[in-house]
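One structure below.
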Amino acid sequence: MSEKEDPKKTNFIRPNFIRRIIDEDLAHGRHARIATRFPPEPNGYLHIGHAKSIVLNFGIAEDYRGTCNLRFDDTNPHKENREYVEAIKEDVHWLGYAWGERLYFASDYFEQLYGFAVELIEKGRAYVCALDAEQIREYRGTLTEPGQESPYRDRPVAENLDLFAHMRAGAFPDGTLTLRAKIDMASPNLNLRDPVLYRIRHGVIHHRTGDEWCLYPTYDYTHPISDALEGITHSLCTLEFEDHRSLYDWVVANVSVPCRPRQIEFSRLNLEYAVMSKRRLTQLVDEGFVAGWDDPRMPSIAGLRRRGYTPEAIRTFCERIGVTKADNLVEMAMLENTIREDLDRKVPRAMAVLRPLRLVLESYPEDRTELLTVPNHPKDTTKGTRPIPFTRELYIDRDDFMEEPVRGFKRLVAGGEVRLRNAYVVRCVRVVKDRTGAVVELRCTHDPDTLGKNPEGRKIKGVIHWVSARQAIAAEVRLYDRLFAVPEPGAGGRDFRADLNPASLHTLTLCFLEPGLAAAAPGDRFQFEREGYFVADKDSHPARPVFNRTVTLRDTWSRKTGG
RNA sequence: UGGGGCGUCGCCAAGCGGUAAGGCACAGGGUUUUGAUCCCUGCAUACCCAGGUUCGAAUCCUGGCGCCCCAGCCA
């Protein structure tokens, strides 16, 4: 069994139907080399569904030693802009892919596209139509009834040519004229009922061509030609374009392009408790439900990055979910497992108390400070050690103490013992409360003979983390949860916004971190022991550290207790 | 009720006529100064249903059923 066939190896390449098609094309000598492309429209930020496509397209190019172009599909100036172009480039790059010199824009082909349109007109395969939008819809027919031919369908070639030239020259206002392919108004495939190839758009500034054009080609016309011009062999897209394939093939067959790429469709990624359409994502940003495209709750690449996800984990996730044509809804647990797995092995540990409760060691000298040497990783000794101060007054997490413990609780209880992680075993001798009865402080004693060794004659079940009060760094910690409260937001015709999880963000403003964390730079990742994985946010400063929780640790205890 | 797709474990997904991979999740056990990690073990007599072909069918054929997509001068 070769490594590529063994699923246990990390470089295992999951077979999928697209790779099989490519293998077959190669076996039949249909291509000298493989060329794919990732063709985003710059009208929004990339999300994890795009990552699936990026990993697929760039991954195939890598494995077959071919190429993958980054091409912006910018044929609708109304919705597209440079900010998105730059953000998309950053995201693809961050994910670990390089397009080198192969950066393209569909708008770079506008002149050639225009030429091919003239060719179609000359061949009698396209015509200038004067039906307005509503009329075109009426003439198109319905799903079950054929359409009617446009009265302009048989306009003479010379007249079409003249009109088309005048359309380009700006002689007609928006919406008056379109260039349409002459295919078949009775086709059961609506996409073939004389689809619009060009529309008129005055007064919009295209992010690259400015006001040079008032005529813009449609996706169905632009995409196949762009692919052909770039020598793309396999044009991979999502399932909703399946019906467009015959039009794709028609365009490429009726115009003098250098080659005929093959379009193959796969199903898009759906993730539980998330929305994945640019329209909805844009809405969340524009309507202020999130703080921006990089809000850590967003499934956008920028959001996941700020949340603390690594590009490696995202790529692994995309490989694990596979590529098929079946509708799917991937569980959040799948994504979370991938990031935990990656972070567990590469990230240093640290101690941070999120909900502080003061703990005073009555048996420990007031003026004493011990510098304990603790490992940065429990299994990877190459990650070294760090010193942590230990003093009489500490903070522990409120959740690690219960005056009246529930069954199975193995942390600190009144009169009980617990191990302070990396330090001593302590016993709680007194619980201090305020007038309302709330616990405000724990008085404890420590067993000096338990540093780096277990006590004699008794077994300590629990281990809790802590931070020395005097040296602790006050910090803000943002706890994120799923953005939506239901697995399929908007299902059943509901407004997806009504499904937002009101508790998707908890901001803890007074957390205490071990002193070393003050030096963390934005983007630095840690495991706060027993809490989860965290990343220093871009809002973080040495004077005021801010950490985002990427994901919690797997927690079989709170699951058992229903917490 | 037109056309295009899809239906294999709770989720994702291999399989392509020779007798159901793997991952996630879950359950149990072991190690453990993170209730983490790690390590074992278990987890579809069964592949939407019904017929048929075959020595043999998840894989082929026929007929059903269910779900998704399409009537933008969006992509």
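As a basis for the values below, the full set of heavy atoms in this structure was taken, side chains included, without hydrogen atoms, waters or symmetry mates. Order of the sequence lines sets the chain letters (A, B, ...), proteins ahead of strands, with each chain counted from 1. These numbers come from a predicted model, not from an experiment.
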Quiz item: Taking CZ from A:Arg530 and P from B:U37, how many angstroms apart are they, rounded to a whole number?
Solution: 14 Å
Self-check item: Integer-rounded Å distance: B:U34 C1' and A:Glu514 CD
Solution: 13 Å
Practice problem: With heavy atoms under 4.0 Å as the rule, sort A:Ile136 into base, sugar-phosphate or nothing. | Solution: base
Quiz prompt | Closest to the A:Phe241 side chain, choosing from B:A14, B:A75, B:U37 | solution = B:A75
Quiz item: Pick one for B:G72: is it syn, with its angle within 90° of 0, or anti?
Solution: syn
Quiz item: Does A:Arg245 make a side-chain donor-acceptor contact with the base of B:G4, cut-off 3.5 Å?
Solution: no
Exercise. Can you figure out which of B:G23, B:U37, B:U33 approaches the side chain of A:Arg320 most closely?
Key: B:G23
Quiz prompt | Under 4.0 angstrom between A:Thr556 side-chain N/O and B:G35 OP1 or OP2 | solution = no
Practice problem: Between B:C16 and B:C48, how far apart are the P atoms? Round to whole Å, please. | Solution: 16 Å
Self-check item: Rounded P spacing from B:U1 to B:C68 in Å
Solution: 14 Å
Quiz item: Does A:Arg280 make a cation-pi contact with A:Phe496, if we ask for NZ or CZ under 6.0 Å from the ring centre and within 45° of the axis?
Solution: yes
Exercise. Give a yes/no on whether any side-chain N or O of A:Ser267 is located under 4.0 angstrom from OP1 or OP2 of B:G5.
Key: no
Exercise. Please work out if A:Gly452 contacts a base, only the sugar-phosphate, or nothing of the nucleic acid, heavy-atom cut-off 4.0 Å.
Key: base
Quiz prompt | Euclidean distance, atom CD of residue A:Glu319 to atom P of B:G22 [Å, nearest integer] | solution = 20 Å
Quiz prompt | Distance-only donor-acceptor check, side chains A:Glu529 and A:Gln527, under 3.5 Å | solution = no
Practice problem: Answer with base, sugar-phosphate or nothing: what part of the nucleic acid does A:Gln527 contact at a heavy-atom distance below 4.0 Å? | Solution: base
Quiz item: Can you tell me how far C1' in B:U41 sits from the matching atom in B:C6, rounded to whole Å?
Solution: 36 Å
Practice problem: For B:G66, give its Watson-Crick or G-U wobble partner with both distances under 3.5 Å, or none. | Solution: B:C6
Quiz prompt | Among B:G35, B:A75, B:G10, the nucleotide that comes nearest once only the side chain of A:Phe409 is considered | solution = B:G35
Quiz item: Ring-on-base stacking between A:Trp557 and B:G35, under 5.5 Å between centres and under 30° between planes: is it there?
Solution: yes
Quiz item: Which whole number of Å gives the distance between the C1' atom of B:G15 and that of B:A20?
Solution: 8 Å
Quiz item: So does A:Arg137 get a side-chain nitrogen or oxygen closer than 4.0 Å to the phosphate oxygens (OP1/OP2) of B:G72?
Solution: yes
Practice problem: Specify the separation, in whole Å, of atom CG of A:Asn328 and atom P of B:G10. | Solution: 17 Å
Quiz item: Is there a donor N/O on one and an acceptor N/O on the other, under 3.5 Å, for the side chain of A:Glu265 and the base of B:G5?
Solution: no
Quiz prompt | Side-chain donor/acceptor contact of A:Asp243 with base of B:G3 under 3.5 Å | solution = yes
Quiz item: Are A:Glu417 and A:Lys461 close enough for a salt bridge, meaning some N to O gap below 4.0 Å?
Solution: no
Quiz item: Side chains of A:Asn81 and A:His207: is there a donor and an acceptor less than 3.5 Å apart?
Solution: no
Exercise. Name the residue closer to the 5' end of RNA chain B, choosing between A:Tyr424 and A:Asp132 according to the nucleotide with the nearest heavy atom.
Key: A:Tyr424
Quiz prompt | Closest nucleotide among B:G35, B:G72, B:G2 to the A:Leu190 side chain | solution = B:G2
Quiz item: Quick one: A:Asn16 CG to B:G22 C1', roughly how many Å, whole number?
Solution: 15 Å
Practice problem: Using a strict 4.0 Å threshold on nitrogen-to-oxygen distance, state whether A:Glu242 and A:Lys325 make a salt bridge. | Solution: yes
Quiz item: Has A:Arg268 got a side-chain N or O lying under 4.0 Å from the OP1 or OP2 atom of B:G5?
Solution: no
Exercise. Check every strand shown and say whether A:Lys453 touches a base, only sugar-phosphate, or nothing at a heavy-atom separation below 4.0 Å.
Key: base
Quiz prompt | Sugar-phosphate only, base, or nothing, as touched by A:Asn76 at under 4.0 Å among non-hydrogen atoms | solution = sugar-phosphate
Quiz item: Where the side chain of A:Glu41 is concerned, which of B:G15, B:C6, B:A75 is the nearest nucleotide?
Solution: B:A75
Exercise. Kindly point out which of B:A25, B:A13, B:G2 is positioned nearest to the side chain of A:Arg554?
Key: B:A25
Practice problem: Please work out if A:Arg20 contacts a base, only the sugar-phosphate, or nothing of the nucleic acid, heavy-atom cut-off 4.0 Å. | Solution: base
Quiz prompt | Nearest-angstrom distance, P atom, B:C49 to B:A57 | solution = 15 Å
Quiz prompt | Nearest listed nucleotide, side chain of A:Thr144, among B:A25, B:C74, B:U1 | solution = B:U1
Quiz item: For the pair made of CG in A:Asp327 and C1' in B:C11, what is the distance, rounded to whole Å?
Solution: 14 Å
Self-check item: A:Ala333 side-chain proximity, nearest of B:U34, B:C24, B:A13
Solution: B:C24
Quiz item: How would you label the contact of A:His244 with the nucleic acid (heavy atoms, under 4.0 Å): base, sugar-phosphate, or nothing?
Solution: base
Quiz item: Just checking A:Arg419: base, sugar-phosphate only, or nothing, at a heavy-atom cut-off of under 4.0 Å?
Solution: base
Quiz item: Among B:U33, B:C73, B:G2, which is the nearest nucleotide to the side chain of A:Arg421?
Solution: B:U33
Practice problem: Could you say whether A:Ile321 or A:Asn337 is positioned toward the 5' end of RNA chain B, judged by the nucleotide with the nearest heavy atom to each? | Solution: A:Ile321
Exercise. Using the P atom on both, measure B:G17 against B:C70 and round to a whole Å.
Key: 34 Å
Practice problem: Assign A:Leu131 to base, sugar-phosphate, or nothing according to its heavy-atom contacts below 4.0 angstrom with the strands shown. | Solution: base
Quiz item: In whole Å, what separates the C1' atom of B:A14 from that of B:A75?
Solution: 32 Å
Quiz item: With sugar-phosphate meaning primed atoms plus P, OP1 and OP2, does A:Gly408 contact a base, only sugar-phosphate, or nothing at under 4.0 Å between heavy atoms?
Solution: base
Practice problem: Assess the side chains of A:Tyr139 and A:Glu134: does a donor N or O sit below 3.5 Å from an acceptor N or O? | Solution: no
Quiz item: Less than 4.0 Å between a side-chain N and a carboxylate O, is that true for A:Asp555 and A:Arg530?
Solution: no
Exercise. Return no unless some side-chain N or O of A:Arg559 is found under 4.0 Å from OP1 or OP2 of B:A36.
Key: no
Quiz prompt | Whole angstrom value for the distance that separates P of B:A75 from CD1 of A:Ile88 | solution = 15 Å
Quiz item: What nucleic acid atoms does A:Arg345 come within less than 4.0 Å of, heavy atoms only: base, sugar-phosphate, or nothing?
Solution: nothing
Quiz item: Within the structure shown, what part of the strands sits under 4.0 Å from A:Thr75 by heavy-atom distance: base, sugar-phosphate, or nothing?
Solution: sugar-phosphate
Exercise. Identify whether the distance between the nearest side-chain nitrogen and carboxylate oxygen of A:Arg19 and A:Asp23 falls below 4.0 Å.
Key: no
Practice problem: Find the distance A:Asp399:CG to B:U34:C1' and express it as a whole number of Å. | Solution: 15 Å
Exercise. Look at all strands and tell whether A:Arg193 reaches a base, only sugar-phosphate, or nothing, counting heavy atoms closer than 4.0 Å.
Key: nothing
Practice problem: Please state the P separation for the pair B:G42 and B:A21 - nearest whole angstrom. | Solution: 13 Å
Quiz item: Charged N to carboxylate O under 4.0 angstrom, A:Arg193 versus A:Asp184?
Solution: no
Practice problem: Assign A:Asp220 to base, sugar-phosphate, or nothing according to its heavy-atom contacts below 4.0 angstrom with the strands shown. | Solution: nothing
Quiz item: Just wondering, are more than 12 heavy atoms of other shown residues or ligands nearer than 6.0 Å to CZ in A:Arg355?
Solution: yes
Self-check item: Nucleotide nearest A:Glu331 (side chain, heavy atoms from C-beta), chosen from B:G2, B:G5, B:C11
Solution: B:C11
